[in-house]
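Notes to accompany the following structure.
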Amino acid sequence: MASLSVEEENYVRMSLLLTGISPRAARTFFDSEFAPACLDATIKKEYNKLLDLKKKNRINQSQWNLLFPRFPDVPDSKTFDVTLMILLLRNLTPITPPLCGFDHLPSAIETTPAADLARIKHYRNHLAHLDDGKLDTGFFNTAWNDITNAIDRLGGQQMKQECDHLKTKPLDQTNQEIMMDIKHSNNEIRELKESFESLKLSHTEMIKSHQFLQENHAEDDHRKVTKEMEIMKTSQKDTVPWNIRARINDTLKDWKDNDDTMFINTRAAQYVLKCIKENSCVTITASSGVGKTATLRHVALQMVEEGYDVLMVTEPGDILRFYNPNKKTLFVVDDLCGNFSLDQSDIKSWEPVMEDIKKILIKTNKNTCSMSVTSVPR
């Protein structure tokens with residue numbers, strides 16, 4: 001592999017500093033504020049506040065999955081990046097922000113933990129927006145001192161020594177490969193940006209075409225185009241991710257083609273259908289092996305015929321994530337409290353979100369409902 005220029009070496013060293021050492025320094029301070037042994041309990045306690053941040057797009061889905069992983073996993077600060085740690089510190093602790101906030105580079109006289117976190121965040125963002133993979137030596141030296149002093153204050157003298165060693169040690173083949181990977185990633189990001197701009201342009205052209213049709217075509221053509229636009233608009237607002245939507249559609253098709261062909265519409269099934277139309281929440285309980293799941297699937301397919309969006313959920317948080325006030329929705333939960341007996345962990349998973357689910361069911365009346373299955377001892 002060809003040797004790197006000085007500017008490229010600066011870029012590699014800065015990348016290693018900001019992706020390797022600085023997150024560990026930030027995590028050292030984070031763990032002093034959020035004790036790792038209590039992190040899970042703290043995050044669950046602040047569920048409503050974090051959910052509000054998610055609704056405001058301050059927390060994305062990937063970050064949410066780290067905060068609330070599927071059981072039996074628990075949140076671990078080792079999986080948090082600097083951005084997520086700063087967000088939690090800003091919103092869940094009384095930490096005093098830098099004078100210009102967390103989104104700007106603090107002045108040299110500010111040496112508080114909050115200012116040091118903002119420094120690291122600033123330089124990470126700066127590096128992420130460089131397209132050529134090079135750093136001017138003057139800027140590199142200034143930024144390096146600023147960052148490593150912050151690392152010293154947040155993580156201690158040993159991490160500062162790591163920084164000093166990283167600045168001067170020879171870059172081996174592995175480091176150069178990292179450089180190439182970073183460049184490749186930047187190219188992919190650039191291509192994604194170009195694709196996004198192309199989509200925006202196509203969307204603009206589509207709107208112009210629609211306006212042209214409105215002005216120059218007959219009423220039938222206008223109505224047809226309007227309907228197509230509404231369909232596109234609705235699909236863009238779907239609260240269910242496309243891959244999960246595809247899996248749900250496949251499951252419903254499998255229920256209809258395989259499970260429901262031999263189903264006998266019993267009085268019990270008719271009664272369940274009547275109950276779900278009259279109530280926001282219905283639970284089918286019986287001993288194992290008597291046909292609860294088959295009845296649930298049959299009734300769910302009938303609700304599809306009546307215009308309901310039937311969604312299978314595996315955890316209570318899915319109800320909050322997939323809830324759409326503009327659709328008639330039926331949430332289906334199989335084995336609500338365990339497969340063959342009551343599972344305390346399954347029950348506890350409902351506690352943090354139960355009040356929000358109740359509000360949804362009350363607010364939407366019969367437009368949103370849920371149907372679940374659980375077994376009882378014989």
Side-chain angles (χ1 to χ4, degrees), residues 10-11 14-36 38-39 42-43 45-68 75-131 135-136 138-156 159-160 163 185-186 189 192-193 196:
N10 291 340
Y11 183 86
M14 186 64 72
S15 298
L16 295 172
L17 179 70
L18 290 171
T19 60
I21 304 176
S22 67
R24 288 194 284 119
R27 191 169 295 110
T28 298
F29 175 74
F30 179 87
D31 288 344
S32 71
E33 296 291 319
F34 295 92
C38 305
L39 182 60
T42 301
I43 289 176
K45 180 181 177 182
E46 301 290 351
Y47 178 87
N48 289 333
K49 184 179 291 186
L50 293 170
L51 181 62
D52 185 57
L53 291 171
K54 185 173 184 291
K55 291 177 179 177
K56 295 176 180 177
N57 296 319
R58 300 276 303 283
I59 296 177
N60 60 40
Q61 188 60 51
S62 296
Q63 293 171 326
W64 186 262
N65 292 341
L66 296 176
L67 295 172
F68 297 96
D76 187 343
S77 67
K78 292 184 179 65
T79 67
F80 297 173
D81 62 11
V82 172
T83 301
L84 181 55
M85 287 188 282
I86 291 178
L87 182 140
L88 295 176
L89 288 165
R90 290 176 66 175
N91 292 279
L92 303 185
T93 72
I95 188 171
T96 301
L99 295 177
C100 295
F102 282 94
D103 299 322
H104 298 86
L105 180 63
S107 64
I109 62 173
E110 292 188 82
T111 57
T112 64
D116 287 334
L117 291 170
R119 281 187 179 86
I120 293 173
K121 178 184 176 184
H122 171 83
Y123 287 113
R124 279 168 60 92
N125 290 342
H126 178 82
L127 199 73
H129 288 86
L130 293 179
D131 292 331
L135 271 181
D136 173 78
F139 175 84
F140 169 79
N141 289 328
T142 300
W144 188 275
N145 290 335
D146 207 9
I147 297 168
T148 55
N149 287 334
I151 290 174
D152 186 11
R153 290 186 289 266
L154 291 172
M159 289 191 190
K160 176 64 163 57
C163 299
S185 297
N186 286 338
I189 292 172
L192 285 173
K193 288 180 178 179
F196 178 69

Do [X] side-chain atoms and [Y] backbone N/O form a donor-acceptor pair below 3.5 Å?
{"X": "Asp152", "Y": "Lys160", "value": "no"}
{"X": "Asp52", "Y": "Asn48", "value": "no"}
{"X": "Glu110", "Y": "Leu99", "value": "yes"}
{"X": "Asp146", "Y": "Thr142", "value": "no"}

*Could you go step by step and tell me if Ile95 and Glu33 meet the side chain to side chain contact (heavy atoms under 4.5 Å, CB included) rule?*
CA-CA 10 Å; Ile95 188 171; Glu33 296 291 319; over 6 Å; no
Point-to-point distance, once rounded to the nearest 0.5 Å, from [atom1] of [X] to [atom2] of [Y]:
{"X": "Asn145", "Y": "Cys163", "atom1": "CG", "atom2": "SG", "answer": "10.5 Å"}
{"X": "Ile147", "Y": "Ile21", "atom1": "CD1", "atom2": "CD1", "answer": "10.5 Å"}
{"X": "Leu51", "Y": "Leu67", "atom1": "CG", "atom2": "CG", "answer": "11.5 Å"}
{"X": "Asn149", "Y": "Leu154", "atom1": "CG", "atom2": "CG", "answer": "11.0 Å"}
{"X": "Tyr123", "Y": "Leu135", "atom1": "OH", "atom2": "CG", "answer": "11.0 Å"}
{"X": "Thr83", "Y": "Phe102", "atom1": "OG1", "atom2": "CZ", "answer": "12.0 Å"}

*asked:* Using the salt bridge (Lys or Arg N to Asp or Glu O under 4.0 Å) criterion, which residues pair with Asp103? Sequence neighbours excluded.
replied: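 Arg90, Lys121.
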Is any side-chain heavy atom of [Y] closer than 4.5 Å to one of [X]?
{"X": "Pro23", "Y": "Arg124", "value": "yes"}
{"X": "Met159", "Y": "Thr28", "value": "yes"}
{"X": "Met14", "Y": "Leu17", "value": "yes"}

*Apply the side chain to side chain contact (heavy atoms under 4.5 Å, CB included) test between Phe30 and each candidate in Leu117, Thr93, Leu88, Val82; give the one that qualifies.*
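Testing Phe30 for a side chain to side chain contact (heavy atoms under 4.5 Å, CB included) against Leu117, Thr93, Leu88, Val82 leaves exactly one candidate, Leu88.
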Looking at every heavy atom in both [X] and [Y], which two are closest together, and how far apart are they?
{"X": "Phe34", "Y": "Leu92", "answer": "CZ-CB, 3.9 Å"}
{"X": "His129", "Y": "Asn125", "answer": "ND1-O, 2.7 Å"}
{"X": "Leu50", "Y": "Ile59", "answer": "O-CD1, 3.7 Å"}
{"X": "Thr19", "Y": "Ser15", "answer": "OG1-O, 2.6 Å"}
{"X": "Ile43", "Y": "Phe80", "answer": "CD1-CZ, 4.3 Å"}
{"X": "Thr96", "Y": "Ala114", "answer": "O-CB, 3.1 Å"}

*asked:* Using a strict threshold of under 4.0 Å (side-chain N to carboxylate O), is an ion pair present between Arg27 and Asp31?
replied: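 The answer is no: the pair does not qualify as a salt bridge.
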*Ion pair check, Asp116 and Arg119, cut-off under 4.0 Å*: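 Yes, this pair counts.
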_Over 60° means perpendicular and under 30° means parallel, so tell me whether His126 and Phe139 are parallel, tilted or perpendicular._
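Geometry flag for Phe139 against His126: tilted rings.
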